[in-house]
Amino acid sequence: MLQNLRIDRSKDKAHGDFATNAALMLAKPLHQNPRELAAQIIAHLPPSDKIAKVEIAGPGFINFFVNQADTAQGLMDMLADAHLGIKPPEHPETVVIDYSAPNVAKEMAVHHLRSTVIGDAVVRILEFTGHKVIRANHIGDWGTQFGMLIAYLERMENQQGSGMVLKDFENFYTEAKKCYDEDPDFAVKARRYVVMLQSGDAYCHEMWQKLVKMTMDQNYALYKRLDVTLTEKDTMGESMYNDMLPVIVKELADKGLAVRDDGAMVVFLDEFKNKEGETAGVIVQKKDGGFLYTTTDLACLKYRIETLHADRIIYFTDSRQARHMQEVWAIARKDGFLTDKVKVEHAPFGMMLNKDGKPFKTRDGKTVKLRDLLDEAESRVDKMLTERGSSFTGEARAQVVHNIAIGAVKYADLSKNRQTDYIFDWDSMLSFEGNTAPYLQYAYSRIRAIFRKTELTGGQIVLTEEAEQELASKLLAFSEAVSQAAVKAMPHLLCTYLYELSGIFMRFYEACPVLKQGVPEETARSRLSLCDLTAKVLSNGLGMLGINVMEQM
Ligand code: ARG
C-alpha cells in the first residue's frame with residue numbers, strides 16, 4: 001500500500017508546486033481522519049527555506065508551495081551547468097544497447113527504423129546522464145542462407161565483373177532464393193559453400209566478407225543520413241560468436257541442462273512449461289550440428305557480461321521476439337552466467353502501420369525501403385518550405401530540409417509509447433502544430449530570434465508572475481523527465497516533457513512581454529534568462545533524441 005504513496009509535481013499552480021497523498025495513504029492503517037493526519041504532518045514538518053507555504057487540500061492532500069527565490073536560484077544554477085542540472089549517477093553503469101541490427105544482404109526496411117531510432121535516442125539519453133554506453137549492432141551476418149548468397153554473388157560477378165555495386169538487396173535476396181529453389185546445380189553448390197564457409201575456406205570467407213561490406217556500407221550511409229551515432233566499430237554481428245557456440249552447448253550438456261533429443265541438443269526448462277505441464281524445449285544445436293539464433297544470443301549475452309562487464313543490457317527488437325529473449329535469459333540463469341547483478345531488459349516496440357491501420361507496405365505489398373522513405377520526407381519538406389515562402393537556398397536550405405525531414409520522421413516514432421503500434425502519417429508528423437519535431441524546432445528558433453532583436457543579455461531570474469512560475473517549475477522538472485526516460489528506456493517521456501514545456505513557454509511569452517517598451521530592464525533580463533534556459537533545454541532535449549535544432553528555419 002505504501003508504494004502508492006506519492007509526491008508529484010502539481011499540474012495546476014493553484015495547487016502549489018508539489019503535492020503528496022501521504023496522509024490519505026496512512027490514514028487507514030493509522031485509523032485516523034486523513035485531513036487531521038495531514039494537519040499533524042504539516043505541524044511536524046521541519047522548517048525549510050525551500051518551502052513558502054503548505055496547505056491541506058480536498059480529502060487530505062498536502063500541497064507545497066515552494067519559495068520562488070529558491071526556485072529562481074535553481075534555475076540560475078541550471079543555466080550555468082552544461083548538464084542543465086542533471087547530476088552524474090551515484091553508480092555509473094556500463095550499459096550495452098543492442099539496437100538496429102539489420103541483416104546482411106537484405107535491405108534495411110522500415111521496421112529496422114524503429115529499433116535504430118529508439119535505440120539511438122536511449123544511447124544518447126544514457127550517455128548524457130553519465131552512464132557508459134556500449135552500442136552493439138547485432139547484425140545478422142551468419143547462417144545457412146550464406147551458401148546461397150555466396151553462390152548468387154558469384155553468378156552476378158561472373159556476369160557483371162567483380163567491382164559491381166549492389167543497390168537493391170531486396171531483389172538480390174529473392175533472386176538468390178529463386179535460383180536455389182529452381183536450379184538443382186545451384187542448390188548443390190550453395191549447400192557446399194555453406195559447409196566451406198563454416199570450415200573457414202578462404203574463397204567463401206572472402207565472398208562472405210564482400211556481402212557484409214556491401215550491406216553495411218549502405219547501412220552506415222543511412223545511419224549518417226539519419227544522424228544516428230552507430231559506426232563500424234559498433235558492429236558486433238552474429239558471426240563474432242561462432243567460436244563460442246560449441247563451448248556453450250558443451251557447457252550446457254555438462255551441466256545436464258541440454259540433452260540429446262531426436263538427434264538435436266535441447267534444453268527443457270520448467271519455465272517453458274505450458275498449462276498442460278508440457279515443456280516445448282529450446283533447441284540449441286540442430287541434428288546436423290548447426291547452431292541457432294538462440295545459441296548465438298546465449299554466447300553474445302555471456303560475452304557482454306564477462307568481457308564487456310555490462311551492468312545493464314537493453315535489447316531493442318520488436319515485440320515478437322519477447323519469447324526468444326525470455327528463453328535465452330532463462331537458460332543463461334540456469335547456466336549461471338546471468339545473475340541478478342546484471343539487468344537484462346527487452347525494450348519491445350510495436351509495428352508501424354499505415355493510415356488504414358494495416359502494416360506499413362508499398363502499394364504492391366513490398367516492404368518500404370528506408371531510403372525511399374527518407375527521400376520522400378525530404379521532398380515533402382522542400383515543398384513545404386517553398387509554400388511557406390522560405391528564403392533559404394543552396395547548402396543552407398538543404399541543411400534545413402534535412403533537419404526538419406529527419407527530425408519529423410524520427411520524432412513521430414519517438415514520441416509514441418514504443419510498446420504500441422504506431423500510425424505513420426506524413427501530414428501529422430510534418431505539421432508545425434501539435435506534438436511534432438517541426439513544432440519543437442520552431443519553438444526553439446523563435447526563442448533564438450528574440451536574442452537577435454536585442455543587445456540585452458540574460459540576468460538574475462526573479463519569479464513574480466504566475467506564468468513565470470509555471471515555466472520555472474517545468475524547467476526544473478527537466479532532470480526528472482530525462483531520468484524517467486533513461487530508467488524506462490522510453491524516449492517518449494522526454495518528448496512529452498519537451499512538448500509540454502513548449503506549450504508552457506508559449507503561454508509565458510504571451511503573458512510576460514520581454515522586449516516590449518515599458519518593461520523594466522531588470523525584468524527583461526530575468527525573462528531573457530528564462531528564454532535562454534528554455535532554449536537550452538529544448539536543444540539539449542532534442543539533441544538527446546537525435547534531432548537537430550536551427551537558429552532560423
Ligand atoms: N537481426 C535481428 C532481426 O533483424 C535482430 C537482432 C536483435 N538482437 C539480438 N541480440 N537478438 O530481427
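Ligands are counted one by one from 1 in listed order, and the atoms in each one are counted from 1 as well. Just so you know, these numbers use all the heavy atoms, side chains as well, and skip hydrogens, waters and symmetry mates. Because the structure is predicted, anything quoted here is derived from the model rather than measured.
Short contacts between ligand 1 and Tyr315, defined as distances under 4.0 Å to a heavy atom of the residue, involve ligand atoms 10 (N). Close contacts of ligand 1 with His112, meaning ligand atoms under 4.0 Å from a residue heavy atom, involve 4 (O). Near Thr317, the atoms of ligand 1 lying under 4.0 angstrom from a non-hydrogen atom of the residue are 7 (C). For ligand 1 and Tyr293, the ligand atoms under 4.0 Å from any heavy atom of the residue are 2 (C), 5 (C), 6 (C), 7 (C), 9 (C), 11 (N).
Protein heavy atom closest to atom 4 (O) of ligand 1, with residue, atom name and distance, is Asn103 ND2, 3.1 Å. The closest protein non-hydrogen atom to atom 12 (O) of ligand 1 is Gln321 NE2, 3.0 Å. Taking atom 8 (N) of ligand 1 as the reference point, the nearest protein heavy-atom neighbour is Asp98 OD1, 3.1 Å.
Considering backbone and side-chain atoms alike, Ala101 places an N or O below 3.5 Å from some N or O of ligand 1. Annotation: His324 places no N or O atom under 3.5 Å from an N or O atom of ligand 1; distance criterion only.
For the residue pair Asn137 and Tyr99, no side-chain donor N or O sits within less than 3.5 Å of a side-chain acceptor on the partner.
Put simply, CD1 on Ile139 and CG on Asn219 are 8.0 Å apart, with the number rounded to the nearest 0.5 Å.
Here Asp318 has no heavy atoms under 4.0 Å from ligand 1, in either its backbone or its side chain. Contact annotation for Asp297 and ligand 1: only side-chain heavy atoms (C-beta onward) come within less than 4.0 Å of the ligand.
A salt bridge links Asp375 with Arg225: the closest approach of a Lys/Arg side-chain nitrogen to an acidic carboxylate oxygen falls below 4.0 angstrom.
For Phe432 and Tyr442, the ring centers are positioned less than 6.0 Å apart. Residues Tyr152 and Phe172 place their aromatic rings such that the two centres sit under 6.0 Å apart.
Stacking of Lys106 on the aromatic ring of Tyr173 is recorded, both the 6.0 Å distance cut-off and the 45° axial limit being met.
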Quiz item: How far apart are the C-alpha atoms of Tyr303 and Tyr241, what are their side-chain angles, what is the distance that settles it, and do they pass the ring pair (Phe, Tyr, Trp, His ring centres under 6.0 Å) test?
Solution: CA-CA 8 Å; Tyr303 175 81; Tyr241 307 101; 5.7 Å; yes
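A donor-acceptor contact shorter than 3.5 Å links the side chain of Lys410 to the backbone of Gly546.
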